[in-house]
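For reference, the structure is listed below as structure tokens.
Quantities reported herein were computed from a predicted structural model and do not represent experimental measurements.
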Amino acid sequence: QPQLVESGGGLVQPGGSLRLSCAASGFTLDGYVIGWFRQAPGKEREGIACISSTGIMIKERDSVKGRLAMYRENAKNTVYLEMTRLKPEDTAIYYCAAVWKPRTGTCTVLSTEDQDFHEGQYHYWGQGTQVTVSS
């Protein structure tokens, strides 16, 4: 059964860093765009970043721009998200999601944020991992 599992969340002080993992089973992430989403208490879930199937293109929403790194480790069928200089407003449940985009219509230089983070296009979703940024 296709499945995504996020891990690596926890309690971090402002200014700290975390590395989140998105591990796939039942399918291979090769060929899929990976999106990262988060949902803060009382707010709608929002997309914050994506990485292309090749790993060449990485796009970030303004709220996390400059504080994020993403990379693929294909041998482990896993995508990693590293966040630095964390802020209290980063507190949220973080989700990864995978979408097959052979035409590269998502997470490209030409696609818009609305296109990149339209949740309905993503085939598989993880259960989420909690990130809390607080002193």
I'd like to know if the side chain of [X] and the backbone of [Y] have a donor-acceptor N/O pair within less than 3.5 Å.
{"X": "Gln130", "Y": "Gly9", "value": "no"}
{"X": "Glu6", "Y": "Gln127", "value": "yes"}
{"X": "Thr91", "Y": "Val133", "value": "yes"}
{"X": "Arg72", "Y": "Thr54", "value": "no"}
{"X": "Lys43", "Y": "Ala92", "value": "no"}

[X] side chain near [Y] side chain, heavy-atom distance below 4.5 Å:
{"X": "Trp36", "Y": "Leu20", "result": "yes"}
{"X": "Tyr80", "Y": "Ser21", "result": "yes"}
{"X": "Arg38", "Y": "Val64", "result": "yes"}
{"X": "Ser111", "Y": "Thr106", "result": "no"}
{"X": "Met70", "Y": "Val79", "result": "yes"}
{"X": "His123", "Y": "Phe27", "result": "no"}
{"X": "Leu29", "Y": "Leu4", "result": "yes"}
{"X": "Arg61", "Y": "Asp116", "result": "no"}

To the nearest 0.5 Å, how far apart are [atom1] in [X] and [atom2] in [Y]?
{"X": "Arg19", "Y": "Glu82", "atom1": "CZ", "atom2": "CD", "answer": "6.5 Å"}
{"X": "Tyr124", "Y": "Cys22", "atom1": "OH", "atom2": "SG", "answer": "13.0 Å"}
{"X": "Ser52", "Y": "Lys59", "atom1": "OG", "atom2": "NZ", "answer": "10.5 Å"}
{"X": "Thr132", "Y": "Gln13", "atom1": "OG1", "atom2": "CD", "answer": "13.0 Å"}
{"X": "Gln115", "Y": "Cys107", "atom1": "CD", "atom2": "SG", "answer": "11.5 Å"}
{"X": "His118", "Y": "Glu113", "atom1": "NE2", "atom2": "CD", "answer": "15.0 Å"}

Minimal non-hydrogen separation, [X] against [Y], with atom names:
{"X": "Gly35", "Y": "Tyr122", "result": "N-CE2, 3.7 Å"}
{"X": "Gly31", "Y": "Ser53", "result": "C-CB, 3.5 Å"}
{"X": "Ile48", "Y": "Tyr94", "result": "CD1-CE2, 3.6 Å"}
{"X": "Met57", "Y": "Val109", "result": "CE-CG1, 2.9 Å"}
{"X": "Pro14", "Y": "Ser135", "result": "CD-N, 3.7 Å"}
{"X": "Arg67", "Y": "Leu86", "result": "NH1-CA, 3.7 Å"}

### Query
Would a hydrophobic clustering, with Ile, Leu, Val, Met, Phe, Trp and Tyr connected at side-chain separations under 4.5 Å, put Val12 with Leu68?
yes
### Query
So if you build clusters from Ile, Leu, Val, Met, Phe, Trp, Tyr with side-chain heavy-atom gaps below 4.5 Å, do Val33 and Tyr71 land together?
no
#### Entry: Ring centers of Tyr95, Phe37 separated by less than 6.0 Å
no
